Structures are given as structure tokens and as C-alpha cells.
Amino acid sequence: MNFGFSISPSSHIMMDDVSRKRFDALKKTEPDIAICMSCGSCTATCTAGANAEVSLRRMILMLQRGKDDEALAMASRCLLCGKCYLVCPRGINTRHVLLSISKCLGHDEDI
Amino acid sequence: MIIEGKQKIWADYQKEIPDDHYFYVRSCIRQSFFPASEVVFLDITRNKLGKDFFENPYHTTCGGIAYHSDAIPQETAMTIIARQFALMHESGYENYVCSCITSFGCYTETLETWREFPELEAKIRQFLWDSCRKELVKPKYLAHASDIIYKFRNEIAAKAMFRLVEAKTGRPLRVVEHIGCHYAKMFPSKGVGGAEYPYVLAGMIEAWGGEVIDYPERRQCCGFGFRQYFVQANRGYSLSNTYKKFESMEPYKPDFIITNCPGCPYFLDRWQYVVAEQTGKTYGENGFGIPVLTYEEVAGLVFGYNPWDLGLQLHQVAVEPLLDKMGIPYDPAMKYKGVNGKELGTPAAPQNIRFK
């Protein structure tokens with residue numbers, strides 16, 4: 001039957017089934033990630049974000065939800081310009097966080 | 001979980017609900033979606049609990065549908081609301097109770113806006129006088145009808161004929177409670193338990209013997225949203241929201257869903273049919289859906305009303321599996337008969353979701 005509209009795949013996440021191993025490893029390297037309040041200032045000022053799908057706020061959310069691969073793919077588009085570091089109201093070294101994401105998530109053996 | 005922390009937050013969101021003498025206003029759409037709910041609410045509160053509920057035949061819509069659809073500006077909606085308050089005062093009441101969650105949200109928003117911007121209240125007061133020659137008097141208490149049932153949930157439990165338990169085994173029924181977004185998400189202090197720990201429906205479930213299911217997308221919107229639904233091409237947003245909720249609650253095998261909003265029960269009920277038609281998936285047992293009931297309908301079942309007098313035959317998802325579980329007797333031959341035995345007609349059976 002054609003209803004004229006359709007269902008999008010569910011974005012529901014079952015946290016009990018999510019492995020947070022990599023996120024926990026990242027937190028050891030970057031404890032500041034826990035004080036992010038998801039204000040989105042980093043995303044708003046992102047140079048690469050104007051042309052590509054890059055958002056540190058979303059990356060942290062993805063990592064919390066076990067979507068490591070998506071977060072890693074997004075991190076690979078970062079230009080490391082550091083503008084997000086300048087605007088972060090919590091003073092998080094976001095540039096270093098992005099490097100740590102690539103480091104911690106890119107190599108399982110390092111965890 | 002830190003219990004002390006939860007108790008502190010809970011204490012911040014206690015709501016004062018008046019004991020008696022209420023001015024009741026109906027919903028625009030609930031009477032067509034769930035035609036017996038408001039009648040049953042008034043019967044329970046007036047005749048079973050002995051409370052004074054007054055209805056003024058001149059009350060109108062709150063304007064919420066037009067307001068949220070951008071068809072009228074806020075000042076117009078506020079003037080409509082001011083007229084409702086004036087009718088309450090003229091009728092000699094000061095406790096305002098509305099049946100609709102959208103209305104509750106509009107009333108709360110209006111009162112809070114007037115508190116923040118008194119000059120706007122003065123402007124609306126003048127609008128009301130110019131258009132209707134009525135004097136604005138604000139209610140002393142504003143409550144949603146589910147607050148009233150919540151307040152008297154233990155009195156209802158004491159008079160209950162049936163409880164929310166499986167009659168054969170004594171197992172508490174697993175119940176999903178779904179609270180309309182406009183109940184407490186906009187103004188958390190105006191709802192029982194606030195936005196994060198709303199207790200208005202959970203309290204009813206616990207008092208009547210059921211078990212509340214906590215699932216990941218418990219606080220997710222049902223997906224109704226006026227803008228999502230009114231335009232056909234946007235209905236996929238609404239449907240996908242509902243789908244996400246059902247995918248989330250499915251592993252917990254709920255026996256039924258209780259709601260306190262006009263749109264939520266309608267869409268959680270009807271979209272199960274659309275999901276089944278589009279994906280072939282059903283969420284209840286044996287090919288049925290999960291029954292979705294309003295809190296008045298649940299209170300009616302607990303009190304022992306005839307399920308067909310509660311209008312349960314007008315739900316998309318068949319309610320018989322729930323009635324069987326609770327041990328509530330019903331006559332299948334009377335399902336589609338009106339009050340005088342008049343044949344109401346039988347709906348066409350869907351392909352992928354069991355209907356009977």
C-alpha cells in the first residue's frame with residue numbers, strides 16, 4: 001500500500017549492547033572529554049564543517065553511543081586548524097581531543 | 001543511581017492539585033479519537049469519587065491546533081484562552097482542569113508569559129474586553145485531567161474490580177507509560193515529577209497493580225507534532241518517531257501502553273497498522289499490536305466498565321488480548337454495536353496486523 005510517506009530506519013540505540021571500551025580508553029587519555037556540555041560552539045566555528053560533515057560535538061555523542069566508526073570517519077575530515085579550541089567555553093583542548101580520537105580509535109592494539 | 005539525588009529532584013517537582021470543585025474543558029480532537037474517554041472521566045470523578053466538575057457549554061477550543069500550525073498568532077490564542085478563564089470565573093470556579101495536553105501546554109505557556117510580560121497580559125485583557133465584554137480572571141490552580149486521576153489513584157484502586165495483573169498467573173502487567181510532550185517538557189515544574197521523572201501515569205500503574213517499563217526511548221516524543229502530521233509528505237517524520245519508540249520498547253514485551261495526550265494514543269495506535277503494512281512487523285504477541293489506551297480508559301477498565309462502552313472497539317489495535325489477560329468479560333458479538341444495539345459497521349481487516 002502506498003501511503004505517500006515512508007519509515008526512516010530507527011536511530012534507537014540499546015546502550016546495554018554498546019561497547020564503550022574505546023570511549024573509556026579515550027577518556028583516560030582525554031579526561032576533559034567528560035566536561036563537554038555539548039554547546040556546539042566547536043561545530044559552529046568549524047572551518048571544515050562548512051564543506052564537509054565534521055562536528056566535534058556529534059563525534060563525542062557518537063563515541064558515547066558506541067558509534068566509533070562514524071566518529072573516526074568524521075575525525076579524519078578535521079583540518080586541525082584549532083579554531084574550536086579558541087571558542088570552547090569549557091577550555092577543552094579540542095584539537096588534542098581530535099588527535100586522540102584518531103589515535104585511540106584507529107588502532108585497537110593501542111587500547 | 002543515587003537515590004537521594006532522585007528524591008531531591010522529585011521533591012522539586014511536586015505539584016499542588018486541588019481537592020474538589022473543578023471547571024472542566026474538553027479537547028477538540030479526543031472526542032473523535034477516543035469518544036468515551038472524557039465521558040468516563042466525568043462519570044468516574046462525579047459519580048464514583050463524588051467530585052464537583054462543572055462544564056460550561058460555551059467553552060471553545062483553546063486555539064492550540066491553530067497556534068501550533070502557525071495559523072493564528074500567539075495574541076489570538078491568548079485571547080481565546082483569556083475567554084475560557086473568564087467563563088470559569090463567571091461560573092464561580094477557580095480550579096481549571098483541561099482534558100488535552102496541547103491545551104495544558106498552551107495554558108501553562110500563556111500564564112507563564114503573562115507572568116514574565118505583564119504588559120502583554122494587559123493587552124490581552126483589553127482584547128478580551130473589546131471582543132467579548134468579558135473580564136479576565138486567572139485560575140488559582142491549573143491542572144491536567146490526568147493530574148486528577150493521579151491524585152485519586154489510590155481511591156480508585158480501593159474500589160477497583162480489576163487490577164493491572166494477569167488474572168491467571170497474578171503477574172503484574174508490564175506497562176509502557178507515555179506522557180505528552182507538552183505536559184512537562186516545556187515547564188517541568190507544572191507537571192507531577194517534572195520532565196525527567198514524570199510520575200503522573202507511573203503512579204496510576206503502580207497503584208493499580210502494574211509494573212512500569214523503563215526503556216531507552218521512554219521520553220521520546222510519539223512523533224505526532226502538528227507540522228509533521230498535517231502535511232502528508234512530512235508524515236514519515238511522525239511515523240519514524242513512533243517506529244523508533246516501538247523498536248526500543250519491543251524487547252521489554254509490554255502488555256499495553258497508557259497515555260495522557262490526545263495525539264500520542266492516536267498515533268501510537270494507528271501507526272502500528274502503518275508500520276505493519278510497510279514492514280510486515282508487529283509488536284504484540286501472536287501477530288497482534290500493543291494496545292494503546294488513554295488513562296481514562298484504563299481507569300474505566302479497572303472500575304469494571306464494559307470495554308465497548310469505553311469505546312475500545314474504535315482502536316486500531318485489538319484490545320481483546322489485554323482484556324483476556326486481565327480477565328475482563330466482554331461479548332465479541334457486541335463489539336461493533338452501538339448503545340441501542342445499532343450496527344456500527346465492521347472495519348476492513350488489515351493485512352499484516354491481527355485484528356481479531
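In what follows, chains carry the letters A, B, and so on, assigned in the order in which the sequence lines appear, proteins first and then strands, with residues in each chain numbered from 1. Note: hydrogens, waters and symmetry copies are ignored here, and every other heavy atom, side chains too, is used. Quantities reported herein were computed from a predicted structural model and do not represent experimental measurements.
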Quiz item: Picking from K244(B), M249(B), Q220(B), what satisfies side chain to side chain contact (heavy atoms under 4.5 Å, CB included) with H12(A)?
Solution: K244(B)
Exercise. Please check if atom CD in E112(B) has more than 12 non-hydrogen atoms from other residues, nucleotides or ligands closer than 6.0 Å.
Key: yes
Quiz item: So, Q232(B) side chain and F3(A) main chain: donor-acceptor pair closer than 3.5 Å or not?
Solution: yes
Quiz item: Can you tell me how far the CG atom of L239(B) sits from the OG atom of S6(A), to the nearest 0.5 Å?
Solution: 8.0 Å
Quiz item: With distance as the sole test, does Q278(B) use its side chain to make a donor-acceptor pair with the main-chain N or O of F5(A) at under 3.5 Å?
Solution: yes
Quiz prompt | T169(B): side-chain contact (heavy atoms from CB on, under 4.5 Å) partners, not counting sequence neighbours | solution = E166(B), R171(B)
Quiz item: Does CD in E285(B) sit with more than 12 non-hydrogen atoms of other residues, nucleotides or ligands closer than 6.0 Å?
Solution: no
Exercise. Step through the shown structure and confirm whether more than 12 heavy atoms of other residues, nucleotides or ligands are within 6.0 Å of NZ on K185(B).
Key: yes
Practice problem: Identify, with sequence neighbours excluded, every residue that meets ring-ring contact (aromatic ring centres under 6.0 Å, His included) alongside H182(B). | Solution: H68(B)
Quiz item: Does any heavy atom of chain A fall under 4.5 Å from the side chain of S238(B), the backbone, both, or neither of them?
Solution: neither
Practice problem: Taking atom CZ of R270(B) as the centre, report whether more than 12 heavy atoms of other residues, nucleotides or ligands fall under 6.0 Å from it. | Solution: yes
Quiz prompt | Distance in Å, I7(A) CD1 paired with K281(B) NZ, rounded so as to fall on 0.5 Å steps | solution = 10.0 Å
Exercise. For S240(B) and S8(A), work out which heavy atoms get closest and say how close.
Key: OG-N, 2.8 Å
Practice problem: Report the option among W271(B), Y237(B), Y243(B) that has the most heavy-atom pairs separated by less than 4.5 Å from atoms of chain A. | Solution: Y243(B)
